[in-house]
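The chains referred to below are lettered A, B, ... by the order of the sequence lines, with proteins before strands, and numbering in each begins at 1.
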Amino acid sequence: MTIMVTPTPAGFHSLSLPIAQLSLAAVLNCGQSFRWSSYPLAVDFTSGKYTAPTHEYRLCLRDRVVCLRQSPEALFYRSVFPGRDLTPAESALREAETLTWIKDYFQLDVDLLQLYDDWSQRDPVFRSLRSRFSGIRVLRQDPWENLISFICSSNNNIVRITNMVHTLCRNYSPILMSLQPPSPPSHSPLEAISYHPFPPPSVLAASDVASELRSLGFGYRADFVQRTARMLVDKHGPAAMQGSVEAPERWLMTLRNEDTAKVREELLKLFGVGRKVADCILLMSLDKHEIIPVDTHVHQIAVKHYRFPRPASAKGKVTLTPKLYNEISNRLGDTWGKYAGWAHSVLFTSDLRTFSAYGLDGGDENESISSPRSVSTDSRTRKRPEKGPPLKPSHDAARDLELAVGEGTSLAERVKKRRRTVAVTA
DNA sequence: GTCTTACCTTTG
DNA sequence: AAAGGTAAGA
């Protein structure tokens, strides 16, 4: 018998990679990096013999825009550069660089299936989830971008954080290049998209930036960003030559080789960086795979699935005290082991999905945060011709999760609530 | 050490 | 009221 392999899209290179090792749809939209853009592709369904990519994902690096697509068995990549066309030899060299970057950024040397096995063996809760949420891994991000992005994340939601990070790039970093969107909808005119790299420390350290960011809607995080940039530039030296990596960025990079406790201490000195943000940076860009950042979602997961006491909110806020933070982080760390932070990301992402099921995202977001279970759900979603009730597909996702998890009483309650709301509105 | 409170802004 | 919290003060 023959197995049809998805053809490599024109202009792309192919890397053999099972989607269970990496789901771009899940990983690039789950709030690790806030800078990827995704574009739906016009897909031809007349042939059911192979599964063509449904989206293209793009990220602007210092000198190039990386474009990715994915099929069940392969990752397709290409990079685009500003300026003149490259010779074939130059192009081959640059694509080799891009491939190296991809392997590093997605940490492809780490076998995710083996980790899923390990976590399943250690933890029945994880075991019940694994089949539903595959391909979720931790990115190895740039520490500087990671730091600033997560300073923006405090007491905030993913949609707004994403907007803020793009605003930073648009306003404080020169445009690298413009690119056409991939397979644009035929009815709308071709409109080139501008790509900006992430702005360097020296630029964000300027004293004007604080007030400018205020007026750009950053709220109190405006001062966090500017003052942290200022601190780093003051401490580790001024800007280097234009286009090169600045001293604070290099210093942050060296923290990858340092001891966890020491690095956390360093990060906590930065304005706007508390325990949770520090832990995110440790996990997501400084190679500390065992770290579990405890946010409101993880807190809720701990309560729902790991028998942590329901917050005794007599009436007021549910503040996550440092004491409770440590207890949750340590307990889950013991449960999952050396790559506990990665396991945390799987559960975090799955929990995000249950939230998106209740319409907390815009309609477009529902599309772009497409299901990790890719094929089946995607096709279901795609068949829906118009906007329709945006809740329906993800509503199914919520029920699936509920079944997968087995318990989830509060989840069930919320589903009922949603049904009632729908009924009333309808 | 541990516990409150104010804080920008958007969305349900 | 809550969103992937943090700084400052009691």
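Nucleotides C:dA1 and B:dA6 have their P atoms positioned 14 Å apart, rounded to a whole Å. Here, B:dC7 and C:dG4 have their P atoms 22 Å apart, quoted to the whole Å. For the C1' atoms, the distance linking C:dA3 with B:dC8 amounts to 12 Å, nearest Å.
Mapping A:Asn156 and A:Leu268 onto DNA chain C by nearest heavy atom places A:Asn156 closer to the 5' end of the strand.
Looking at heavy-atom distances under 4.0 Å, A:Gly272 makes contact with sugar-phosphate atoms alone, never a base. Nucleic acid contact class of A:Gly219 (heavy atoms, under 4.0 Å, all strands): base. The residue A:Leu213 sits apart from the nucleic acid: no heavy atom pair falls under 4.0 Å.
Put simply, CZ on A:Phe224 is 11 Å from C1' on B:dA6, counting in whole angstrom units. One can place CG of A:Asn155 at 13 Å from C1' of C:dA7, the figure rounded to the nearest angstrom. When the P atom of B:dC8 is taken as reference, atom CD1 of A:Ile161 falls 18 Å away, rounded to whole Å. Taking atom CD of residue A:Gln300 and atom C1' of nucleotide C:dA2, one finds them 10 Å apart after rounding to whole Å. For the pair A:Leu324 CG and B:dT2 C1', the computed distance is 13 Å after rounding to whole Å. Spacing between atom CZ of A:Arg275 and atom C1' of B:dT2 amounts to 15 Å, rounded to whole angstrom units. Between A:Ile136 atom CD1 and C:dG4 atom C1' there is a gap of 15 Å when expressed in whole angstrom units. If you take CG of A:Asp223 and C1' of B:dC7, they are 11 Å apart, rounded to a whole angstrom.
Contacts of A:Phe150 classified as ring pair (Phe, Tyr, Trp, His ring centres under 6.0 Å), with partners at least two apart in sequence or in another chain: A:Phe34. Listed by chain and residue number, A:Trp251 satisfy the ring pair (Phe, Tyr, Trp, His ring centres under 6.0 Å) test with A:His236 (two or more places apart in sequence, or in another chain). When the side chain to side chain contact (heavy atoms under 4.5 Å, CB included) test is applied to A:Val110, the partners found at least two apart in sequence or on another chain are A:Gln107, A:Leu115, A:Arg137, A:Tyr339, A:Trp342. With sequence neighbours excluded, the residues satisfying side chain to side chain contact (heavy atoms under 4.5 Å, CB included) with A:Ser14 are A:Thr8, A:Ala74, A:Phe76. Residues passing the side chain to side chain contact (heavy atoms under 4.5 Å, CB included) test with A:Leu268, sequence neighbours excluded: A:Arg264, A:Ala278.
Looking at residues 281-296 of chain A, you'll see A:Met284, A:Asp295, A:Thr296 sit with a heavy atom under 4.0 Å from some atom of DNA chain C.
Here ring pair (Phe, Tyr, Trp, His ring centres under 6.0 Å) pairs that include residues 254-287 of chain A, with residues two or more places apart or in two chains, are A:Phe224-A:Phe271. Residue pairs meeting the side-chain hydrogen bond (donor to acceptor under 3.5 Å, both in side chains) criterion with at least one partner in residues 219-229 of chain A, sequence neighbours excluded, are A:Arg214-A:Asp223. The side-chain hydrogen bond (donor to acceptor under 3.5 Å, both in side chains) analysis of residues 252-263 of chain A, with sequence neighbours excluded, yields the pairs A:Thr260-A:Glu290.
Residues A:Ile328 and A:Tyr306 have side chains not in contact (no heavy-atom distance under 4.5 Å, counting atoms from C-beta outward).
Contact annotation: side chain of A:Arg160 to base of B:dT10, donor-acceptor pair absent below 3.5 Å. No hydrogens or angles were tested; on distance alone, a donor-acceptor pair under 3.5 Å links the side chain of A:Tyr220 to the base of C:dG5. Taking 3.5 Å as the limit, the base of C:dG5 and the side chain of A:Lys276 contain no donor-acceptor pair of atoms between them.
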Report, one pair per line, the protein and nucleotides 8-10 of chain C atoms (nitrogen or oxygen only) whose separation is under 3.5 Å.
none

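Between the side chain of A:Ser173 and the backbone N or O of A:Pro197, at least one donor-acceptor pair lies under 3.5 Å.
Side-chain proximity of A:Arg221 to C:dG4, B:dC8, B:dC3: nearest is B:dC8. Side-chain proximity of A:Ile158 to the nucleotides C:dA7, C:dG4, B:dC7 is greatest for C:dG4. Of the candidates C:dG4, C:dT6, B:dC8, the closest approach to any side-chain atom of A:Val277 belongs to C:dT6.
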Distance-only criterion, 3.5 Å: show the donor-acceptor pairs between side-chain atoms of residues 203-213 of chain A and protein atoms not counting sequence neighbours.
unit_1: A:Ser211; atom_1: OG; unit_2: A:Asp208; atom_2: O; d: 3.0
unit_1: A:Glu212; atom_1: OE1; unit_2: A:Tyr172; atom_2: OH; d: 2.4

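In this structure, CG on A:Leu286 lies 10.5 Å from CD on A:Gln141, to the nearest 0.5 angstrom. To the nearest 0.5 Å, the span separating CD1 on A:Ile136 from OG on A:Ser350 amounts to 6.5 Å.
Pairing analysis of DNA chain B (Watson-Crick: purine N1 to pyrimidine N3 plus N6-O4 or O6-N4; G-U wobble: N1-O2 and O6-N3; both under 3.5 Å) yields stems of 3 or more pairs at B:2-7 with C:5-10, B:9-11 with C:1-3.
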